[in-house]
Amino acid sequence: MNDSNIVLVGFMGTGKSSVGRLISAMLAYEFVDTDELIAKRAGAPVSEIFAEQGEETFRDLETEVLSSLSGDRRRVIATGGGAVLREENRSILRDLGFVALLTASEDVIYRRVRRSTHRPLLRTSNPREVIRKRLRERTPLYQAAAHWSFDTTDIPRDVVAEAVLTAEAEHFA
Ligand code: S3P
């Protein structure tokens, strides 16, 4: 049986962590959230790293954490929304396993994240504009990183999880 990792990429609020947890339970794979690993490594929450050390330091930690996962098998890896920004990261992600891109409409993303307090990039007077701009910039990068993509708008997370598993099986068939 294929025991490769499943890597979830996509914008904030597309369900990477919640779908990832579900898939890990379905497969009895370990669940890994790169933001959690970054926070552990830095000894501070992501929002504090952004506020006190800046986005570049966070991105360096993100690259370190992604590299540290290589060689692992049978993991479901949920990445942060900006994990695809660096070319180096996109290559690491594809080496880690099957890369599934979860997407959602701008409206749905805004609805899902607008009350979130732990997302530093959205602590701004106009989060909607930040979402629109970053989505536009990142869409080609997500597509370059992913083996497959799925629009989660209005789709229950168990259906999304099943779709990822089917696509992964087909990818390795
Ligand atoms: C980020 C997304 C966040 C987190 C950090 C930066 C981004 O992860 O990595 O706040 O650049 O889009 P989620 O996508 O899990 O919210």
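Counting convention: from 1, in listed order, for ligands and their atoms alike.
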Using the six-membered ring of Tyr29, assess whether NZ or CZ of Arg75 lies under 6.0 Å from its centre and within 45 degrees of the ring axis.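 Checked: cation-pi criterion not met.
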Check whether any N or O atom of Asp35, backbone or side chain, sits under 3.5 Å from an N or O atom of ligand 1, and answer yes or no.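 So ligand 1 has an N or O lying under 3.5 Å from an N or O of Asp35.
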Under 4.0 Å from a heavy atom of [X]: which atoms of ligand 1 are those, numbered in the order shown and with their elements?
{"X": "Pro120", "answer": "10 (O)"}
{"X": "Arg138", "answer": "7 (C), 11 (O), 12 (O)"}
{"X": "Leu121", "answer": "7 (C), 11 (O), 12 (O)"}
{"X": "Arg119", "answer": "16 (O)"}

Salt bridge check, Arg128 against Asp107: does any charged N sit closer than 4.0 Å to a carboxylate O?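 Yes, Asp107 and Arg128 are salt-bridged.
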Should the proximity of Arg134 to ligand 1, defined as any heavy atom under 4.0 Å, be assigned to the side chain, the backbone, both, or neither?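 None of Arg134 does.
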Non-neighbouring partners of Asp151 that pass side chain to side chain donor-acceptor pair (under 3.5 Å), sequence neighbours left out: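 Partners of Asp151 under the side chain to side chain donor-acceptor pair (under 3.5 Å) test: Thr153.
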Verify, without hydrogens or angle tests, whether Arg94 (side chain) and Ala146 (backbone) share a donor-acceptor contact under 3.5 angstrom.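 Looks like yes, one N/O pair under 3.5 Å.
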Out of curiosity, is Arg59 lining ligand 1, as in a heavy atom under 4.0 Å away?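 Yes, that is the case, since the closest heavy atom of the residue is under 4.0 Å from the ligand.
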How far is atom 14 (O) of ligand 1 from its nearest protein heavy atom, and which residue and atom name does that atom have?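 In this structure, atom 14 (O) of ligand 1 has Lys16 NZ, 2.7 Å as its nearest protein heavy atom.
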Closest protein heavy atom to atom 2 (C) of ligand 1, given as residue, atom name and distance to 0.1 Å: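 For this ligand atom, the closest protein heavy atom is Gly81 N, 3.3 Å.
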Heavy-atom pair of closest approach, residues Val46 and Asp35: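 Residues Val46 and Asp35, closest heavy atoms: CG2-O, 3.8 Å.
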Does CD in Glu106 sit with more than 12 non-hydrogen atoms of other residues, nucleotides or ligands closer than 6.0 Å?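 Count over threshold, so yes.
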Kindly write out the residues that satisfy side chain to side chain contact (heavy atoms under 4.5 Å, CB included) with Ser67, not counting sequence neighbours, or none if the list is empty.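 Ser67: side chain to side chain contact (heavy atoms under 4.5 Å, CB included) contacts with Thr63, Ile92.
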